[in-house]
Amino acid sequence: MLIGKKRKLGRKIDEIQAGEKLEMQETIEDKDLLLYLGLTNDNNPLFIQHDYATLTPYKKPVVPQVMLMGMVTSAVSKYLPGPGSSIVESSFTFIKPVYHYSKLTFLFEITEVNRDKHMVNMKVRAENEQGIEVLKSTLQVCPPYATKSITSNTMENF
């Protein structure tokens, strides 16, 4: 249980600079696909039925695009800027299909830091193991705010 325990927050707006980059890799495993499909109750045959997918231009099942978006948003929440961040605007383009068991490399780059608005803009791209770009995105992210102690003003009158 987390009650009463300190939680480490991500980097604050003053700790972030334009030009910073993060690279990470994700491999699409069966367990991840099954968890996503079960959680969302998504039974699109393009995602799970080999016999159907072979009859399409894709030739084999593809990874749901929303699952790829989740990998991007998860990286923002975990790494850049990190815990306490919130994505306020996003745009995604899915350039090529991503297939089951693909190993993706994601590259995140901070393109602008607006301290007055407490916002960070970033661009994201992902490549498959052949180095082919499969996804690009732009994000507007609100980094975590510095927290104040709940007792910080209590003793001001004494």
Side-chain angles (χ1 to χ4, degrees), residues 1-2 5 7-13 15-115 117-145:
M1 180 157 283
L2 294 174
K5 293 188 180 179
R7 292 163 205 79
K8 183 165 171 40
L9 292 177
R11 295 175 45 219
K12 315 300 181 297
I13 190 83
E15 302 170 331
I16 302 169
Q17 301 295 323
E20 290 186 40
K21 296 180 181 178
L22 167 71
E23 184 176 304
M24 61 172 245
Q25 292 186 331
E26 291 280 345
T27 302
I28 313 296
E29 303 284 347
D30 282 339
K31 66 177 177 58
D32 304 318
L33 285 159
L34 292 173
L35 281 169
Y36 166 80
L37 294 170
L39 181 65
T40 60
N41 198 25
D42 189 341
N43 59 4
N44 184 338
L46 185 58
F47 300 150
I48 53 176
Q49 293 180 3
H50 290 268
D51 55 344
Y52 170 77
T54 58
L55 302 174
T56 71
Y58 300 107
K59 300 295 182 203
K60 52 188 175 181
V62 299
V63 175
Q65 292 83 357
V66 173
M67 188 173 160
L68 299 172
M69 292 169 68
M71 292 175 179
V72 170
T73 60
S74 175
V76 169
S77 294
K78 291 192 281 188
Y79 307 117
L80 187 65
S85 302
S86 176
I87 296 173
V88 296
E89 189 174 320
S90 66
S91 172
F92 284 83
T93 303
F94 303 98
I95 301 163
K96 296 280 186 183
V98 174
Y99 298 105
H100 296 200
Y101 312 111
S102 292
K103 183 176 185 179
L104 301 178
T105 301
F106 291 87
L107 180 62
F108 296 77
E109 182 179 357
I110 303 289
T111 57
E112 181 183 358
V113 177
N114 186 330
R115 287 177 175 67
K117 293 185 178 180
H118 199 88
M119 288 292 162
V120 172
N121 292 338
M122 60 175 51
K123 63 181 179 179
V124 183
R125 43 186 310 261
E127 296 179 349
N128 63 18
E129 53 275 328
Q130 289 83 31
I132 297 170
E133 188 175 39
V134 295
L135 172 151
K136 62 182 176 180
S137 174
T138 57
L139 305 173
Q140 189 173 37
V141 179
C142 176
Y145 287 94

Side chain proximity check, Pro143 to His118, heavy atoms < 4.5 angstrom: yes

Can you tell me if Tyr79 has over 12 outside heavy atoms packed within less than 6.0 Å of its OH? no

Using side-chain heavy atoms (C-beta onward) and a distance below 4.5 Å, is Phe108 in contact with Met24? yes

Any sub-3.5 Å donor-acceptor pair from Ser77's side-chain atoms to Gly82's backbone N or O? no

Would you call Tyr145 and Leu9 a side-chain contact if the rule is heavy atoms closer than 4.5 Å? no

Output for pair (Glu23 CD, Leu107 CG), nearest 0.5 Å, gives 6.0 Å

Taking atom CG of Asp42 and atom CD1 of Ile48, what is their separation to the nearest 0.5 Å? 8.0 Å

Which atom names give the shortest non-hydrogen contact between Glu109 and Gly19, and what distance separates them? OE2-CA, 4.3 Å

To the nearest 0.5 Å, what is the distance between NZ on Lys103 and OG1 on Thr27? 5.5 Å

Rounded to the nearest 0.5 Å, what separation is found between the CG atom of Leu68 and the CD atom of Gln65? 7.0 Å

Does a side-chain heavy-atom distance below 4.5 Å link Leu33 with Pro64? yes

All heavy atoms of Tyr52 vs all of Leu46, minimum pair found to be CD2-N, 3.8 Å

Here the pair of heavy atoms bringing Arg115 nearest to Ile16 is NH2-O, 2.9 Å

Evaluate the side-chain proximity of Met69 to Leu135: yes if any heavy-atom separation is below 4.5 Å, no if none is. no

More than 12 heavy atoms of other residues, nucleotides or ligands under 6.0 Å from NZ of Lys136: is that the case? no

Is any side-chain heavy atom of Val63 less than 4.5 Å from a side-chain heavy atom of Tyr36? no

Pick from Asn128, Val62, Val134: which one makes a side-chain contact (heavy atoms from CB on, under 4.5 Å) with Val98? Val134

Can you measure from CE (Met122) to CG (Leu139) and round to the nearest 0.5 angstrom? 6.5 Å

Minimum-distance pair of heavy atoms, taken over all atoms of Pro144 and Pro81: CD-CB, 4.1 Å

Spatial distance of atom CG (Asn121) from atom CG (Asn114) [nearest 0.5 Å]: 8.0 Å

Can you check whether Ile28's main-chain N or O pairs, donor with acceptor, with His100's side chain at less than 3.5 Å? no

Sub-3.5 Å donor-acceptor pair from the side chain of Thr56 to the main-chain atoms of Tyr58, do we have one? yes

Evaluate Leu37 against Met67 for side chain to side chain contact (heavy atoms under 4.5 Å, CB included), listing each step before the verdict. CA-CA 9 Å; Leu37 294 170; Met67 188 173 160; over 6 Å; no

Heavy-atom closest pair, residues Pro61 and Phe47: CB-O, 3.6 Å

Distance-only, no hydrogens or angles: does the Glu89 side chain make a donor-acceptor pair with backbone N or O of Gln140 under 3.5 Å? no

Smallest heavy-atom separation, Glu20 atom then Gln17 atom, equals OE2-N, 2.6 Å

